[in-house]
Colleague: 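What follows is a single structure, and I will ask about it in a moment.
In the text below, chain A, chain B and the rest are named by the order of the sequence lines, each starting its count at 1.
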Protein chains: 2
Amino acid sequence: MDEKLGSAQGALIQALGRQSAFWGLGKTAGEMYAVLYLSDEPLSLEEVARSLKVTKGNISIAIRQLEQLGMVKRSRKIGDRRVFFTAETDFWQIAHSVLELRHKPEFAETFTMVNESYKYAEQAKPSPEKGIAVERLQALQEFYRLIDGIVETTLSMRPEQLKRIIKMIKIIPLKEKGE
Amino acid sequence: MDEKLGSAQGALIQALGRQSAFWGLGKTAGEMYAVLYLSDEPLSLEEVARSLKVTKGNISIAIRQLEQLGMVKRSRKIGDRRVFFTAETDFWQIAHSVLELRHKPEFAETFTMVNESYKYAEQAKPSPEKGIAVERLQALQEFYRLIDGIVETTLSMRPEQLKRIIKMIKIIPLKEKGE
DNA sequence: TATTACGTTTAGAAGCTTCTAAACGATGTA
DNA sequence: TACATCGTTTAGAAGCTTCTAAACGTAATA
């Protein structure tokens with residue numbers, strides 16, 4: 001491989017490995033994606049393993065995560081028993097499925113528990129503590145709904161539409177700061 | 001403490017501990033915040049430690065994180081050597097500082113490395129591989145800029161303004177799906 | 001000054017995650 | 001059927017994170 005391309009690959013492996021770990025996907029998953037993302041042709045499991053200097057077993061497990069998130073596609077060549085992998089390049093779609101499959105269930109679970117907490121608080125016998133608890137749990141629920149609204153709305157748009165909206169918002173003076 | 005309030009607290013501790021871990025803050029930090037969030041008065045370090053059945057040292061370290069993120073305020077009472085803690089209840093402000101202090105530096109670092117990767121790829125000698133690499137690294141850079149724009153714009157608004165925008169977007173038919 | 005009551009730091013234990021090496025299973029080929 | 005070549009699974013090693021217990025530093029009080 002071209003030396004400069006090798007450096008480019010190295011830098012991207014570092015970059016995406018880091019991001020991937022940050023988002024809770026594990027470093028290897030991001031590194032694998034980086035390798036596939038820069039390849040002009042599908043790579044076999046062993047090729048990926050060799051690029052990253054890790055074992056096949058390691059790749060086998062990590063790649064499943066990536067497939068489940070729609071970040072990697074599996075393909076085959078006729079007359080070849082090996083399995084080949086390709087990076088999904090549509091980041092918007094990836095964002096969709098990551099939020100849908102990883103973040104949404106986590107949020108839903110938490111939201112359920114907050115609701116439960118709220119129900120308990122309501123049943124407590126009157127006291128200043130109860131007052132504070134009920135009030136704050138309501139505020140928390142509302143915040144969750146706001147976040148959910150933002151994410152849902154954002155994902156309902158295509159990137160081009162979003163860019164337009166962002167431009168619009170930047171232009172609008174937003175005078176009403178002291179609401 | 002009222003039994004129901006105890007249950008409410010337990011549920012919230014679970015909920016926020018979970019979320020906190022999910023966002024990379026560590027379980028204890030979220031649990032501490034939950035305890036403070038439901039309290040109608042500032043709590044001492046030892047009271048928090050007792051509520052969660054962990055050691056003081058543990059709390060001492062975790063609370064520093066929360067302070068740095070602006071999620072908890074420290075206060076004192078005259079004639080009392082103890083330090084008391086209060087939960088910041090403005091989630092919007094918390095979102096701001098968490099994104100600013102935790103996510104932004106991480107993104108900036110990654111973005112720098114992606115740029116570096118791009119520069120290397122440009123310097124490679126012409127080949128199909130190079131073509132793919134340059135093209136894709138550009139796409140990745142653009143995606144990063146989009147995400148950054150979304151976050152910056154979102155944070156530049158007050159929650160009320162955001163809600164209005166979200167409502168607007170939901171009403172607009174967005175016919176142009178096949179762009 | 002000695003004592004007490006607090007928060008902080010630190011060394012090490014416990015637990016969890018992630019990796020490797022090797023066995024295993026399955027599938028295509030002679 | 002026997003063999004070779006893959007991907008997958010698994011038991012255990014290594015490394016990292018997070019917790020505890022205890023020592024330590026500090027500031028107020030007598």
Colleague: Rounded to the Å, how far apart are A:I59 CD1 and D:dG7 P?
Modeller: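 Computing the A:I59:CD1 to D:dG7:P distance gives 11 Å.
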Colleague: Give a yes or no on whether a salt bridge exists between A:E122 and B:K4, defined as a side-chain N under 4.0 angstrom from a carboxylate O.
Modeller: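 Salt bridge between A:E122 and B:K4, a charged N being under 4.0 Å from a carboxylate O: no.
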Colleague: Could you state the interatomic distance from CD (A:E47) to CG (A:L36), rounded to the nearest 0.5 Å?
Modeller: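 A:E47 atom CD to A:L36 atom CG measures 10.0 Å (nearest 0.5 Å).
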Colleague: Taking only Lys NZ, Arg NE, NH1 and NH2, and the carboxylate oxygens of Asp or Glu, determine whether B:E46 and B:K56 approach each other closer than 4.0 Å.
Modeller: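 Result for this pair is no, no salt bridge flagged.
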Colleague: Do the side chains of A:E109 and B:F22 get nearer than 4.5 Å, heavy atoms only?
Modeller: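 Not touching, per the 4.5 Å side-chain cut-off.
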Colleague: Is any side-chain N of the basic residue among B:E31 and B:K27 closer than 4.0 Å to the acidic one's carboxylate O?
Modeller: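 Looking at B:E31 and B:K27, the cut-off is met.
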Colleague: Provide, to the nearest angstrom, the distance between the CG atom belonging to A:L66 and the P atom belonging to D:dG7.
Modeller: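 So the two atoms are 16 Å apart, to the nearest Å.
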Colleague: Are A:F111 and A:F107 an aromatic pair, judged by ring center distance below 6.0 Å?
Modeller: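 For A:F107 and A:F111, the ring centres are not under 6.0 Å apart.
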Colleague: On the 0 to 90° scale, with breaks at 30° and 60°, tag the B:W23-A:H103 ring pair as parallel, tilted or perpendicular.
Modeller: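 Ring orientation of B:W23 relative to A:H103: perpendicular.
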Colleague: Within this structure, what is the CZ-to-P distance between A:R74 and D:dC6, rounded to whole angstrom?
Modeller: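 Going from A:R74 (CZ) to D:dC6 (P), I get 15 Å.
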Colleague: In plain terms, say whether B:E152 and B:R145 are close enough for a salt bridge, that is, a side-chain N and a carboxylate O under 4.0 Å apart.
Modeller: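 No, no charged N to carboxylate O under 4.0 Å.
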Colleague: Just N and O in the side chain of B:T28: are any of them under 4.0 Å from OP1 or OP2 of D:dT18?
Modeller: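 No, B:T28 has no side-chain N/O under 4.0 Å of OP1/OP2 on D:dT18.
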Colleague: What nucleic acid atoms does A:S44 come within less than 4.0 Å of, heavy atoms only: base, sugar-phosphate, or nothing?
Modeller: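 Since no nucleic acid heavy atom lies under 4.0 Å of A:S44, the category is nothing.
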Colleague: Rounded to the nearest Å, what distance is computed from the NZ atom of residue A:K77 to the P atom of nucleotide D:dG7?
Modeller: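 These atoms are roughly 12 Å apart.
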Colleague: Roughly how many Å is it from CD in A:E31 to C1' in C:dT18, rounded to a whole number?
Modeller: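 For the pair A:E31 CD and C:dT18 C1', the rounded distance is 12 Å.
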Colleague: Among the nucleotides D:dC6, D:dT20, C:dT20, which one has an atom lying closest to any side-chain atom of A:R82?
Modeller: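 Of D:dC6, D:dT20, C:dT20, D:dC6 is nearest to the side chain of A:R82.
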Colleague: Do any N or O atoms of the protein come closer than 3.5 Å to N or O atoms of nucleotides 9-13 of chain C, and which pairs are they?
Modeller:
from: C:dT9; atom 1: OP2; to: B:R64; atom 2: NH1; distance (Å): 2.7
from: C:dT9; atom 1: OP2; to: B:R64; atom 2: NH2; distance (Å): 3.1

Colleague: For the pair made of NZ in B:K27 and C1' in D:dT20, what is the distance, rounded to whole Å?
Modeller: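 The answer, rounded to whole Å, is 14 Å.
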Colleague: Please state how far atom CG in B:L52 lies from atom P in D:dT20, giving the value in whole angstrom units.
Modeller: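 It works out to 10 Å between those atoms.
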Colleague: As an exercise, state the distance from CG of A:L5 to CD of A:Q9, rounded to the nearest 0.5 Å.
Modeller: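 Here the interatomic distance stands at 8.5 Å.
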Colleague: Report, one pair per line, the protein and nucleotides 27-30 of chain C atoms (nitrogen or oxygen only) whose separation is under 3.5 Å.
Modeller:
from: C:dT27; atom 1: O2; to: A:R81; atom 2: NE; distance (Å): 3.4
from: C:dT27; atom 1: O2; to: A:R81; atom 2: NH1; distance (Å): 3.4

Colleague: Round to a whole Å and report the spacing from CG of A:L25 to P of C:dT17.
Modeller: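 Whole-Å distance recorded here is 15 Å.
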